[in-house]
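Just below is one structure, and these are the notes that go with it.
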Amino acid sequence: SRGLGDVYKRQIQYMNDENLSDLTILLKQANEAKEIVSTSSLEQKNHALKAAAESINDSRETLKSANDIDMEEASKKDLLDSFIDRLKLNDQRIDSMISGIYKVIDLNDPVGQITNKTTSPSGFLVSKMRVPLGVIGIIYESRPNVTADASALCLKSGNVSVLRGGSEAISSNKAIEQCMIEGLTSAELPKNSIQLLKNQDRALVAEMIKRDKEIDLIIPRGGKNLIQVIAKDSSVPVLKHYDGLCHVYIDEMADFKKAKEIALNAKTYRYGICGAMETLLISEKISSSVILEIINTFKDQKVEIRGCEKTSKNFDISLANEADWTSEYLAPILSIKTVKDVNEAIEHINFYGSGHTDCIVTEDEKAKEVFLRKVDSSSVMHNLPTCFADGFEYGLGAEVGISTDKLHARGPVGLEGLTSEKFIVEGNGQLRA
């Protein structure tokens, strides 16, 4: 699909003063709200979130009507089916937004937590306090639920959120933003604590990621091209992942009924999510009849199969090429490779994978431990479909994204990933000799 990353970097020179003023005013308001939100009480934040959830529930028809406008416009464009699927807002997804907000309410507030209190050699106390990051800019495409999920997490963690959704979801995002603002107003928190950048001038994204004095973190959620361009050009720290190139490895010691169900769920739960399995690795020691049964299960679901040379030859399926091992299909397409053992599976994953989520299906403890220790991904699973890589499922409430970075936050990013720590040092007049 066409995304922000394809065009925004070419348009900054055409941005007019009026559009630039829109961003400048919004960021000024966000930074004014930051001081209040960062010190707001748990009761205030939870009050705002509860009221926002109630507003979303009461506004179902308004939200769906707004989404209908977006869906109609999207149908006229050359967009991938997975992109359209993420745009859709129905009762089930509204329920999920509401559920996510309530899960965030139930989470412990990390802000102000004191940890690791020790006495230094000089007799003063040293500890760490968890604190908000400040103003968080979230740049995303298609998914309107991000407007609720991300702003709820930012608020609970004491942060102000600046949201820049895609033009394809602008009506839906505006309606959800209004519900979140009603929550803020009910709790007597600044309404500018959550702001949607409504000006759809793509050049504003290029300007936004240069505002390192006014924005503390950028979180891009969208296609690989968008994230790569933002990460390359941003002066603001970026929390990112490029691909969800997820693998499932079926070991020779797997429970094969369990393995078949896990692999099928990992691929077909939803094709368009970053946790969908794209490559299935199978031990060569597994019988041909079992492999054939697994392949036929996918064929029954209309999944196109592409296999390595050995798999293609033995089971009469299309031959995969080198590009297949690095492709995030986000579609009913699956590549399958036969490997010698768990070590070869690990080598394949660490070479071709994106560091997102990978799973081993086995009943062998040794193989499990080797896989969990050696696979270099943000989530490494045992006997679970990769589609469980999700903040809700990890008990984080909603998530603002899944990070494949290795610093600050890794994996699904919830409340703690939206905070940092500062040292608190308490003395009683000690002097350094």
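Nearest heavy-atom pair, Leu245 versus Ser327, reported as atom, atom and distance to 0.1 Å: CD1-O, 3.0 Å. In terms of heavy-atom proximity, Ala367 sits nearest to Ile360 at O-CD1, 3.7 Å. Among all heavy-atom pairs drawn from Lys191 and Leu184, the shortest one is O-CD1, 3.6 Å. The two residues Ala148 and Ile101 come nearest to each other via the heavy atoms CB-CD1, 4.4 Å. Considering every non-hydrogen atom in both Ile170 and Gln200, the closest pair reads CD1-NE2, 3.5 Å. Smallest separation of non-hydrogen atoms from Ser403 and Ala409: OG-O, 2.9 Å.
Side chain to side chain, Asp251 and Thr362 meet the donor-acceptor criterion of an N or O pair below 3.5 Å. A side-chain N or O of Thr24 and one of Arg211 form a donor-acceptor pair less than 3.5 Å apart. Between the side chains of His408 and Ser420, not a single donor N or O lies within less than 3.5 Å of an accepting N or O. Between the side chains of Ser335 and Thr279, at least one donor N or O lies within less than 3.5 Å of an accepting N or O. Side-chain atoms of Tyr352 and Glu322 include a donor-acceptor pair closer than 3.5 Å.
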Test log, rule side-chain contact (heavy atoms from CB on, under 4.5 Å), inputs Val375 and Asn350: CA-CA 6 Å; Val375 170; Asn350 286 342; 4.2 Å; yes

Thr419 vs Gln113, side-chain contact (heavy atoms from CB on, under 4.5 Å): CA-CA, chis, key distance, verdict: CA-CA 11 Å; Thr419 62; Gln113 288 181 358; over 6 Å; no

Worked verdict on Lys406 versus Asp376 for salt bridge (charged side-chain N to carboxylate O under 4.0 Å, His left out): CA-CA 10 Å; Lys406 295 186 180 182; Asp376 188 20; 2.7 Å; yes

Residues Leu20, Glu207; criterion side-chain contact (heavy atoms from CB on, under 4.5 Å); working and verdict: CA-CA 8 Å; Leu20 182 60; Glu207 178 66 16; 3.6 Å; yes

Verdict with supporting geometry, Met277 and Leu334, side-chain contact (heavy atoms from CB on, under 4.5 Å): CA-CA 8 Å; Met277 174 184 68; Leu334 176 67; 3.7 Å; yes

Lys366/Glu369 under salt bridge (charged side-chain N to carboxylate O under 4.0 Å, His left out): CA gap, chis, key distance, verdict: CA-CA 5 Å; Lys366 183 177 180 181; Glu369 291 303 322; over 6 Å; no

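In terms of modelled atom types and a separation under 3.5 Å, the side chain of Ser186 and the main chain of Gly183 share no donor-acceptor contact. Side-chain atoms of Lys156 never come within 3.5 Å of backbone atoms of Leu49 as a donor-acceptor pair (strictly under, hydrogens ignored). When atom types are taken as modelled, the side chain of Gln430 and the backbone of Gly123 share a donor-acceptor pair closer than 3.5 angstrom. Asn67 places no side-chain N or O within 3.5 Å of a backbone atom of Ser172 that could act as its donor or acceptor partner. With hydrogens and angles ignored, the 3.5 Å screen pairs a side-chain donor or acceptor of Ser142 with a backbone N or O of Phe83. Glu278 places a side-chain N or O within donor-acceptor distance of the main-chain N or O of Leu330, the cut-off being under 3.5 Å. Using modelled atom types, no side-chain atom of Ser59 and backbone atom of Leu63 make a donor-acceptor pair closer than 3.5 Å. In this structure, Asn192 contributes its side chain and Gln29 its backbone to no donor-acceptor pair below 3.5 Å. Judged purely by atom type and a 3.5 angstrom limit, Asn57 has no side-chain atom pairing as donor or acceptor with the backbone of Ala53. When atom types are taken as modelled, the side chain of Arg93 and the backbone of Lys88 share a donor-acceptor pair closer than 3.5 angstrom.
Other residues, nucleotides and ligands contribute only 12 or fewer heavy atoms inside 6.0 Å of the CG atom of Asn108. Heavy-atom contacts from other residues, nucleotides or ligands closer than 6.0 Å to CG of Asp95 number more than 12. Applying the 6.0 Å contact sphere to CD of Glu426 captures more than 12 heavy atoms from other residues, nucleotides or ligands. Heavy-atom contacts from other residues, nucleotides or ligands closer than 6.0 Å to OH of Tyr271 number more than 12. For Lys232, the NZ atom sits in a loose shell: 12 or fewer heavy atoms of surrounding residues, nucleotides or ligands are nearer than 6.0 Å. Heavy-atom neighbours of Glu416 CD from other residues, nucleotides or ligands within 6.0 Å: at or below the threshold of 12. When the shell of 6.0 Å around CD of Glu188 is examined, it contains 12 or fewer heavy atoms from other residues, nucleotides or ligands. No more than 12 heavy atoms of other residues, nucleotides or ligands shown are found within 6.0 angstrom of CG on Asn428.
Side-chain contact between Thr62 and Gln178 is absent, with no heavy-atom pair separated by less than 4.5 Å. In this structure, the side chains of Ile346 and Tyr249 stay at 4.5 Å or more apart for every pair of heavy atoms. Looking at heavy atoms from C-beta onward, Phe423 lies in side-chain contact with Val126 at the 4.5 angstrom threshold. Looking at heavy atoms from C-beta onward, Asp233 lies in side-chain contact with Lys210 at the 4.5 angstrom threshold. Proximity of Ile402 to Pro412: side-chain heavy atoms (C-beta onward) are separated by under 4.5 Å at one or more points. Tyr140 places a side-chain heavy atom less than 4.5 Å from the side chain of Asn173. For the pair Leu196/Lys174, a side-chain contact is recorded, criterion being any heavy-atom separation below 4.5 Å from C-beta on. Residues Leu163 and Glu177 fail the side-chain proximity criterion, which asks for heavy atoms closer than 4.5 Å.
We find the CD1-OG distance between Ile176 and Ser55 to be 11.0 Å, quoted to the nearest 0.5 Å. Atoms CG and SG, from Leu415 and Cys154 in turn, are 9.5 Å apart once rounded to the nearest 0.5 Å. Between the CD1 atom of Ile227 and the NZ atom of Lys240 there is a distance of 9.5 Å, given to the nearest 0.5 Å. In this structure, Met253 CE and Asp364 CG are separated by 5.5 Å, a value rounded to the nearest 0.5 Å. Here the CG atom belonging to Leu42 is positioned 5.0 Å from the CG atom belonging to Asp109, to the nearest 0.5 angstrom. Annotation: the span from Met97 atom CE to Ile56 atom CD1 amounts to 5.0 Å, rounded to 0.5 Å.
For the pairing with Ile136, the side-chain contact (heavy atoms from CB on, under 4.5 Å) check across Val162, Val160, Leu153, Asn159 returns one residue only, Asn159. A side-chain contact (heavy atoms from CB on, under 4.5 Å) with Ile230 holds for exactly one of Asn225, Val236, Val238, Ile219; it is Val238.
Ion pair Asp70/Arg86 not flagged as a salt bridge, since none of the NZ, NE, NH1 or NH2 atoms sits closer than 4.0 Å to an Asp/Glu carboxylate oxygen. The pair Glu61-Lys64 meets the salt-bridge criterion, since a charged nitrogen lies less than 4.0 angstrom from a carboxylate oxygen.
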